[in-house]
Engineer: 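This structure is in structure tokens; I'll ask about it shortly.
Hydrogens, waters and symmetry mates are skipped; everything else that's a heavy atom, side chains included, is used. Counting starts at 1 for both ligands and their atoms, in listed order.
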Amino acid sequence: MSKSYTERKIAWAEKMRARGARAESIRSKDRLPPGQHLVKSLQVLDLGIHPPLPRESWSLEITGLVENPVTLDWPALMALEQAERMSDFHCVTTWSRYDCRWLGVPLAALLDLVRPTDEARFVYYRAYDGYTTNTPVDALTHPDAMLAHTLDGGELPVEHGGPLRVIIPQLYAWKGAKWVKQIEFRATDAQGYWEERGYSMLGDPWLNDRFA
Ligand SMILES: Nc1nc2c(c(=O)[nH]1)N[C@H]1C(S)=C(S)[C@@H](COP(=O)(O)O)O[C@H]1N2
Ligand SMILES: [Mo]
């Protein structure tokens with residue numbers, strides 16, 4: 001007999017909790033995730049397209065399974081809650097940088113604004129360079145997860161995703177779309193650019209979860 005939707009949802013939540021507990025026990029012993037080495041500055045890693053995005057014509061669409069879909073222009077983004085968060089940055093190609101100081105809108109505040117429905121379990125991100133990626137919706141509730149427009153006290157440089165990028169420090173950095181254009185809430189998971197090429201759907205550095 002096949003499981004009901006509610007049963008599947010509970011099973012999935014329990015699996016995520018178990019993974020989270022395992023990751024937390026590793027994190028509590030060591031700041032550097034397994035298989036990573038420390039570097040002094042962020043490398044530039046992308047598809048080689050740095051889209052010019054003047055703030056006057058920039059916008060970000062939040063769509064899909066939400067009660068209040070919105071399209072934010074720059075003033076609307078800046079009118080949302082702003083917060084500064086210090087977090088470590090882990091790239092799946094094995095380098096990590098400690099203490100990146102990001103300023104922007106906490107993704108938790110974005111969740112409050114758009115109100116995902118009960119069916120929304122995954123998020124799909126599309127960027128202005130054509131890049132795509134995915135995360136569980138739970139990843140957005142972490143206090144360090146944010147839409148960042150400022151890095152280490154300065155305007156986020158174009159090569160690092162300016163004017164606005166996603167930062168989800170508890171996942172590998174490929175899950176954070178630079179030049180983010182659209183955030184879609186979904187019932188089902190879908191592969192993005194790197195996931196289609198063999199990388200993991202979750203990408204938790206603490207579980208060394210790199211490849212599918
Ligand atoms: N839009 C977009 N976002 C992206 C990428 C990309 O190619 N395009 N690359 C990802 C990868 S693989 C990494 S490691 C980080 C790198 O961020 P950085 O170039 O600021 O160090 O951005 C992620 N976000
Ligand atoms: Mo990466």
Engineer: So that I know where these two stand, are Trp179 and Tyr128 an aromatic pair - ring centroids less than 6.0 Å apart?
Structural biologist: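 No - the distance between ring centres of Trp179 and Tyr128 does not fall below the 6.0 Å cut-off.
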
Engineer: Which residue, Arg27, Arg31, Arg101, Arg97, forms the salt bridge (charged side-chain N to carboxylate O under 4.0 Å, His left out) with Asp88?
Structural biologist: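 The option that passes is Arg31.
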
Engineer: Between the protein and ligand 1, are there any N or O atom pairs that come within less than 3.5 Å of each other, and if so, what are their names and distances?
Structural biologist:
residue, atom, partner, partner atom, Å
ligand 1, 1 (N), Asp129, OD1, 2.9
ligand 1, 1 (N), Asp129, OD2, 3.2
ligand 1, 1 (N), Lys178, O, 2.9
ligand 1, 3 (N), Lys178, N, 2.8
ligand 1, 7 (O), Leu47, N, 3.2
ligand 1, 8 (N), Asp129, OD2, 2.8
ligand 1, 9 (N), Leu45, O, 3.1
ligand 1, 17 (O), Arg165, NH2, 3.2
ligand 1, 19 (O), Gln43, O, 3.3
ligand 1, 19 (O), Leu45, N, 2.9
ligand 1, 19 (O), Lys178, NZ, 2.5
ligand 1, 20 (O), His160, ND1, 2.6
ligand 1, 20 (O), Arg165, NH1, 2.7
ligand 1, 21 (O), Gln43, O, 2.4
ligand 1, 22 (O), Arg165, NH2, 3.3
ligand 1, 24 (N), Gly176, O, 2.8

Engineer: Please list all pairs passing the ring-ring contact (aromatic ring centres under 6.0 Å, His included) test where one or both residues lie in residues 95-118, with sequence neighbours left out.
Structural biologist: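 Pairs touching residues 95-118 that pass the test: Phe89-Trp95.
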
Engineer: Is there a donor-acceptor contact under 3.5 Å linking the side chains of Glu195 and Thr133?
Structural biologist: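 The criterion, which ignores hydrogens and geometry beyond distance, is satisfied for Thr133 and Glu195.
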
Engineer: Kindly assign one of parallel, tilted or perpendicular to the pair Trp206 and His90, based on the angle between their ring planes and the thresholds 30° and 60°.
Structural biologist: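 Perpendicular, since the angle between the ring planes exceeds 60°.
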
Engineer: Looking just at side-chain N and O atoms, do Glu196 and Gln191 make a donor-acceptor pair shorter than 3.5 Å?
Structural biologist: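 Side-chain D/A pair, Glu196 to Gln191: absent.
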
